[in-house]
Novice: 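First, the structure itself, so that you have it in front of you.
Index from 1, following the sequence.
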Amino acid sequence: MNVYYQTSQAQVYWDPALKAVVLRWKGFAQGKQFKKINDKALELLKQKRGKKLLIDSREQSVIVQEDEAWLSKDWMPKAVEIGLKYSALVKPRNAIPKANLKNHALKWENCHTREFFSTIIRMIRKYNQNS
């Protein structure tokens, strides 16, 4: 695995087996720090001309409302413009972040991305085999 960007809160890397950018959360981030991590995922997506993003949220904490709004209004349209076509989410282990992400996913439905479940299932299976 060739790590593109890493902090104590997250890791962003390209997974050649998946042909996808992986954003692996390891803890809580908010504001500038949260935005920078997500923007690094977009940078790598653009650099690799990728179409897939896997977000591993198993260790992620709550996303604050301001950051959630930024993801929906700013980040997601940029991701679609760059070429994101497929996204998959490995859900958090904790109940509060799970509920937070469920609300977040509902907002993303309006951002013109389409999830192709067979592709997503294959991505997650490959990811689980490699992690």
Side-chain angles (χ1 to χ4, degrees):
M1 163 181 40
N2 189 9
V3 176
Y4 178 74
Y5 182 74
Q6 183 166 318
T7 68
S8 59
Q9 291 79 24
Q11 189 177 58
V12 176
Y13 62 94
W14 177 255
D15 187 314
L18 298 176
K19 296 182 183 171
V21 170
V22 177
L23 171 52
R24 182 174 166 252
W25 287 99
K26 298 190 271 178
F28 178 74
Q30 72 175 29
K32 289 180 183 179
Q33 188 178 46
F34 180 83
K35 290 176 183 179
K36 185 172 184 176
I37 292 164
N38 282 282
D39 283 341
K40 289 293 182 181
L42 284 189
E43 280 178 21
L44 186 56
L45 191 71
K46 186 174 184 177
Q47 183 184 102
K48 295 289 188 176
R49 296 183 183 171
K51 296 181 190 295
K52 297 185 258 180
L53 173 66
L54 175 62
I55 303 168
D56 182 346
S57 301
R58 287 178 287 186
E59 302 301 323
Q60 187 174 24
S61 186
V62 175
I63 301 172
V64 297
Q65 271 189 314
E66 295 82 10
D67 292 335
E68 198 174 308
W70 173 80
L71 278 172
S72 295
K73 292 178 184 175
D74 296 321
W75 187 88
M76 193 61 184
K78 282 186 213 171
V80 171
E81 186 178 311
I82 286 171
L84 179 65
K85 300 258 187 252
Y86 310 99
S87 60
L89 176 70
V90 180
K91 291 182 181 179
R93 291 185 174 116
N94 297 325
I96 292 172
K98 275 185 189 177
N100 188 278
L101 284 171
K102 184 177 180 183
N103 292 334
H104 181 69
L106 292 173
K107 292 176 185 176
W108 278 21
E109 287 178 4
N110 298 323
C111 291
H112 309 294
T113 60
R114 297 183 334 193
E115 290 185 298
F116 295 94
F117 292 104
S118 60
T119 301
I120 291 168
I121 290 167
R122 284 194 306 273
M123 285 173 64
I124 292 172
R125 282 183 182 150
K126 283 183 185 177
Y127 179 75
N128 285 334
Q129 289 172 353
N130 296 333
S131 58

Novice: Would you give the length of the straight line joining atom CH2 of W75 to atom CG of L84, rounded to the nearest 0.5 angstrom?
Specialist: 6.5 Å
Novice: With side chain to side chain contact (heavy atoms under 4.5 Å, CB included) as the test, pick out the partner of S57 among L89, L23, I63.
Specialist: L89
Novice: Applying side chain to side chain contact (heavy atoms under 4.5 Å, CB included), name anything that partners K46, two or more places apart in sequence or on another chain.
Specialist: I82
Novice: Taking only residues two or more places apart in sequence, or in another chain, which ones meet E81 in a side chain to side chain contact (heavy atoms under 4.5 Å, CB included)?
Specialist: none
Novice: To the nearest 0.5 angstrom, please state how far the CG atom of L54 sits from the CG atom of L18.
Specialist: 6.5 Å
Novice: How long is the span from the CG atom in N38 to the CG atom in L53, to the nearest 0.5 Å?
Specialist: 8.5 Å
Novice: Drop me the distance from K73's NZ to E68's CD, to the nearest 0.5 angstrom.
Specialist: 11.0 Å
Novice: If the condition is salt bridge (charged side-chain N to carboxylate O under 4.0 Å, His left out), which residues does K40 pass it with, not counting sequence neighbours?
Specialist: E43
Novice: Could you measure the distance from the CG atom of L45 to the NZ atom of K51? Nearest 0.5 Å is fine.
Specialist: 9.5 Å
Novice: Between W14 and V22, is any pair of side-chain heavy atoms under 4.5 Å apart?
Specialist: no
Novice: Would you compute the distance between atom CG of D15 and atom NZ of K52 and round it to the nearest 0.5 angstrom?
Specialist: 9.5 Å
Novice: Between V21 and A41, which heavy-atom pair has the shortest distance, and what is it?
Specialist: CG1-O, 3.9 Å
Novice: How far apart are the closest heavy atoms of P77 and S72, and which atoms are they?
Specialist: CD-O, 3.4 Å
Novice: Checking Q47 now: which residues fulfil side-chain hydrogen bond (donor to acceptor under 3.5 Å, both in side chains) with it, not counting sequence neighbours?
Specialist: none
Novice: Sequence neighbours excluded, which residues qualify as side chain to side chain contact (heavy atoms under 4.5 Å, CB included) partners of Q30?
Specialist: F28, V64, D67
Novice: Using the ring pair (Phe, Tyr, Trp, His ring centres under 6.0 Å) criterion, which residues pair with W25? Sequence neighbours excluded.
Specialist: F34
Novice: Is any side-chain heavy atom of Q9 less than 4.5 Å from a side-chain heavy atom of K36?
Specialist: no
